[in-house]
Amino acid sequence: MYLIRKLQKHHENTALKLLHFYFSLRFKLGKVDIPYFELVLTTKCTLRCESCNNLMQYFHPKNQYTCTIEGITQALDKLFTAIDSIQSIRIIGGEPLLFKDLDKIITYLGKQEKLLCFNIVTNGTLLFRQEALHALNACLNVEVHISDYSASANLKIPLKREALINQLNTHNIPYYVLWTNNNSSWWDPGRIYKRNRTKEEIICNFKACMMPCVSLMSNEGITSGEKNIAPSGALFVCPIASSLSRLRGLKEFEGDFINLSDSNLKTRIIEFYAQSFFQACDYCHDMWLEKKYIPIALQTDKILEIQNTTLCK
Ligand code: SF4
Ligand code: SF4
């Protein structure tokens, strides 16, 4: 058994080295390959987890972000034109099944030749509409990922996981359940507030985190005064950063994100992936400290507020 594991590890390492060599070579030839990003369709959710890593607990019904199909495909068109390949996209929310044009975005992504595969993550409280099931069935490179929040101590709405699985089985759609059990826990994201760290400390926080969840939003939900900052949407370092752009405004985070209307988009993408200073990282707790674990998906009725000062410590 030990020998088999060692051989598997050896093959994994060799495969990783080959992939690294392949993508480095492509980069030297001027190709831009993006490994992964998350496509945020909405900040609305059927649950309200008090420790949601995407900051849904900070959104008020009046300041929610939901893209339009026109807005999000315009943003994606810009990105697909500038790059050479994307390994994987994850469609997220909030809860993506709340997005009324989910079928259209599935069909759009399924036709992209530069995209290897994509998936949709759902919290298992809703079923797919018929149009979305047909769109999923027509794609060869999509999977549905179902989170299992049955271990949550205070869910306020029922999970529909079994019915959802039946739907997917009936339509031959590949899926994966992210099973948890009663002993499962989440990593505590802590309170989000501006800590007023120095630039060096913020860089340190980013380097300790290295969250590889680059996150794309259209320009919907941006205040009218800021519409021109990123008129076709933007790519952020992570879902916390993309949510902060709606909760605090885009202007505060200029320099953090890729403006998808940038006339030199390819160069900006390369710069972004080499960047280590993101003002959003000043809002997260000290990432170098040992992780604290908490019960999963505890629900709250409160709308949390993002503070400005260190008084919240
Ligand atoms: S289910 Fe919970 S963790 Fe997931 S997006 Fe909704 S609020 Fe956030
Ligand atoms: S804002 Fe920065 S520190 Fe916080 S999760 Fe995103 S990348 Fe990490």
Side-chain angles (χ1 to χ4, degrees), residues 37-59 64-66 90-99 120-126 145-161 164 178 180 184-195 197 199 201-215 235-245 247-248 252-253 255-257 272-273 275-289 291 294-304 306:
F37 73 83
E38 299 188 337
L39 187 60
V40 190
L41 297 184
T42 180
T43 53
K44 291 183 185 162
C45 192
T46 48
L47 299 180
R48 192 165 188 84
C49 305
E50 70 178 6
S51 299
C52 172
N53 246 312
N54 297 358
L55 308 191
M56 300 306 114
Q57 66 280 41
Y58 291 87
F59 281 89
Q64 295 281 3
Y65 154 88
T66 298
R90 167 167 280 196
I91 299 178
I92 63 165
E95 172 48 56
L97 270 65
L98 288 172
F99 183 59
I120 302 172
V121 66
T122 172
N123 63 22
T125 59
L126 295 174
H145 293 181
I146 308 168
S147 302
D148 170 23
Y149 291 156
S150 54
S152 167
N154 65 344
L155 276 192
K156 295 182 172 85
I157 58 169
L159 294 175
K160 295 187 176 160
R161 198 181 51 233
L164 186 56
L178 307 157
T180 54
S184 295
S185 53
W186 273 2
W187 162 55
D188 184 4
R191 282 301 293 268
I192 299 292
Y193 63 93
K194 188 158 174 61
R195 284 156 165 88
R197 295 184 179 105
K199 184 173 179 182
E201 286 168 341
I202 294 173
I203 292 174
C204 236
N205 215 30
F206 170 70
K207 289 189 173 166
C209 168
M210 297 299 279
M211 187 188 260
C213 303
V214 170
S215 164
L235 210 55
F236 299 84
V237 66
C238 69
I240 288 183
S242 57
S243 288
L244 279 173
S245 78
L247 293 163
R248 304 277 301 176
E252 181 181 332
F253 301 101
D256 268 24
F257 54 83
F272 177 83
Y273 277 92
Q275 196 169 322
S276 57
F277 174 62
F278 297 93
Q279 297 169 80
C281 301
D282 191 28
Y283 282 80
C284 285
H285 66 174
D286 297 337
M287 290 294 185
W288 55 84
L289 297 180
K291 287 184 173 46
I294 51 171
I296 76 159
L298 278 184
Q299 301 298 292
T300 180
D301 294 324
K302 289 191 199 141
I303 296 166
L304 303 188
I306 292 182

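Order of listing sets the numbers, starting from 1, for every ligand and every atom in it. What you see is a predicted model; the values in this text were computed from it and never measured. Below, all heavy atoms of this structure are taken into account, side chains as well, without hydrogens, waters or symmetry copies.
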**Request:** Check whether any side-chain N or O of D256 sits under 3.5 Å from a backbone N or O of Q279 as a donor-acceptor pair, and report yes or no.
**Result:** yes
**Message:** Need the ligand 1 atom indices (1-based, order shown) with element for anything under 4.0 Å from a heavy-atom of W186.
**Reply:** 3 (S)
**Asked** Under 3.5 Å, is there a donor-acceptor pair between the T42 and E95 side chains?
**Response** no
**Request:** May I ask you to check whether C238 brings an N, O or S atom to under 2.8 Å from atom 2 (Fe) of ligand 2?
**Result:** no
**Message:** Quick check for you: to the nearest 0.5 Å, what is the distance between L164 atom CG and T122 atom OG1?
**Reply:** 6.0 Å
**Prompt:** Judged by atom type as modelled, is there a donor-acceptor pair below 3.5 Å linking the side chain of D188 to the main-chain atoms of I294?
**Reply:** no
**Prompt:** What protein heavy atom is closest to atom 2 (Fe) of ligand 1, reported as residue, atom name and distance in Å?
**Reply:** C49 SG, 2.3 Å
**Prompt:** Counting each atom of ligand 2 from 1 as listed, which ones have a heavy atom of C209 under 4.0 Å away?
**Reply:** 3 (S), 5 (S), 7 (S), 8 (Fe)
**Item:** Protein contact of atom 8 (Fe) of ligand 1 - nearest heavy atom, named by residue and atom, plus distance
**Value:** C52 SG, 2.4 Å
**Fill in**
If you compare C281, S242, C284 by their heavy atoms, the one closest to atom 4 (Fe) of ligand 2 turns out to be C284
**Message:** Only heavy atoms of N123, strictly under 4.0 Å: list the atoms of ligand 1 that pass.
**Reply:** 1 (S)
**Message:** Looking only at protein heavy atoms, which one is nearest to atom 5 (S) of ligand 1, and what is the separation?
**Reply:** G94 O, 3.6 Å
**Message:** Quick check against the 3.5 Å criterion: does Y58 have a side-chain atom that pairs as donor or acceptor with the backbone of S243?
**Reply:** no
**Request:** Check each heavy atom of C45 against ligand 1 and say whether those closer than 4.0 Å belong to the side chain, the backbone, both or neither.
**Result:** side chain
**Request:** State whether D286 and R195 are salt-bridged, where the test is any N-O pair (Lys NZ or Arg NE/NH1/NH2 against Asp/Glu carboxylate O) under 4.0 Å.
**Result:** no
**Rounded distance (nearest 0.5 Å) linking atom CG of L155 with atom OH of Y149** = 10.0 Å
**Prompt:** Non-hydrogen atoms of F59 versus ligand 1: any pair closer than 4.0 Å?
**Reply:** no
**Message:** Need the ligand 1 atom indices (1-based, order shown) with element for anything under 4.0 Å from a heavy-atom of L47.
**Reply:** 1 (S), 7 (S)
**Asked** Which class fits the ring pair F206 and F278: parallel under 30°, tilted 30 to 60°, perpendicular over 60°?
**Response** tilted
**Asked** For ligand 1, which atoms, with element, lie under 4.0 Å from some heavy atom of Y149?
**Response** 1 (S), 3 (S), 4 (Fe)
